[in-house]
Amino acid sequence: MSKNTIALAADHAGYELKDLLKEDVKALGFDVLDLGTNGPDRVDYPDFGSALAKAIQNGDAQTGILVCGSGIGISIAANRHAGIRAALCQDETLARLAREHNDANVLVLGARTTGVEVAKASLKTFLNTKFAGGRHQGRIEKLG
């Protein structure tokens, strides 16, 4: 995978939004690593949050996008892994701040709580925003 690879993963509640966002990620010039799920059959969000976290830890992707019904469960699952800073964002402002202030490397969205256009705008903002560093760097280092 290239150094511009974005991993995407979702549970059964989030796979449709994941698939829509995948097209936007490609349109922005990134390679995509789709970790599933790809249908409405019930699956467990921790499996997909963990798979995405491991892909980033292994260097198969540099950034990730996770989607479940609310975004809460899958963000908890991802954040259990060292080096993962998964941020549940409900709009562009939170997506920007997650990158600028928290150096988040995973954007998390709730398919049942975030509209498609807001999700797409949040994705674009997240991927186009850089970490500000400075006073925020010491805080990130405390996260481990």
Side-chain angles (χ1 to χ4, degrees), residues 1-133 136-137 139-140 142-144:
M1 291 274 152
S2 78
K3 64 180 181 176
N4 291 318
T5 299
I6 309 294
L8 290 97
D11 70 356
H12 56 281
Y15 84 93
E16 290 179 352
L17 181 57
K18 172 191 64 86
D19 288 349
L20 290 172
L21 295 175
K22 179 168 52 173
E23 297 310 314
D24 286 22
V25 171
K26 289 178 183 177
L28 289 169
F30 295 95
D31 292 331
V32 169
L33 174 61
D34 188 340
L35 300 169
T37 195
N38 296 306
D41 294 337
R42 186 192 166 282
V43 295
D44 296 327
Y45 61 80
D47 298 334
F48 293 90
S50 292
L52 185 135
K54 289 175 184 173
I56 292 173
Q57 288 175 323
N58 295 336
D60 296 329
Q62 292 65 54
T63 306
I65 311 299
L66 288 170
V67 187
C68 73
S70 67
I72 297 168
I74 208 163
S75 65
I76 292 170
N79 279 319
R80 295 177 54 89
H81 297 268
I84 301 301
R85 292 174 305 282
L88 174 56
C89 299
Q90 286 128 353
D91 59 32
E92 288 180 79
T93 299
L94 292 176
R96 179 180 54 79
L97 292 172
R99 287 289 306 128
E100 279 182 357
H101 293 189
N102 305 112
D103 197 19
N105 53 6
V106 178
L107 171 65
V108 185
L109 297 164
R112 295 177 179 150
T113 60
T114 306
V116 172
E117 293 309 314
V118 172
K120 287 181 172 201
S122 297
L123 169 75
K124 187 175 181 180
T125 297
F126 186 86
L127 294 178
N128 287 319
T129 302
K130 297 198 181 307
F131 177 51
H136 304 290
Q137 183 63 45
R139 297 171 185 155
I140 300 309
K142 289 181 179 185
L143 295 174

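Predicted, not measured: the structure shown is a model, and the values here were computed from it.
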Okay, side chain of [X], backbone of [Y]: is any donor-acceptor separation there less than 3.5 Å?
| X | Y | value |
| --- | --- | --- |
| Asn105 | Ile84 | no |
| Asn102 | Ala104 | no |
| Asp44 | Pro46 | no |

Rounded at 0.5 Å granularity, tell me how far [atom1] in [X] sits from [atom2] in [Y].
| X | Y | atom1 | atom2 | value |
| --- | --- | --- | --- | --- |
| Leu88 | Leu109 | CG | CG | 7.5 Å |
| Leu17 | Leu123 | CG | CG | 9.0 Å |
| Leu35 | Asp47 | CG | CG | 12.0 Å |
| Glu100 | Asp103 | CD | CG | 11.5 Å |
| Leu33 | Thr63 | CG | OG1 | 12.0 Å |
| Asp11 | Tyr45 | CG | OH | 9.0 Å |

Inset, instruction - Kindly state each residue pair satisfying side chain to side chain donor-acceptor pair (under 3.5 Å) with at least one member in residues 111-129, sequence neighbours excluded. - result: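 The answer is Glu92-Thr125.
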Legend entry - Over all atoms of both residues, closest heavy-atom pair of Ala87 and Ala98: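 Heavy-atom minimum between the residues: CB-CB, 3.6 Å.
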Inset, instruction - Using distance alone, with no hydrogens and no angle criterion, decide if Ser50 and His81 have a side-chain donor and acceptor under 3.5 Å apart. - result: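 Their side chains do contain a donor-acceptor pair, which is all the 3.5 Å distance test asks for.
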Legend entry - Counterpart residues, ring pair (Phe, Tyr, Trp, His ring centres under 6.0 Å), relative to His136 (two or more places apart):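 Residues passing ring pair (Phe, Tyr, Trp, His ring centres under 6.0 Å) with His136: His101.
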Legend entry - Flag side-chain contact, heavy atom, 4.5 Å: Leu21 against Lys18: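 The answer is no, as the side chains (C-beta and beyond) never meet within the 4.5 Å cut-off.
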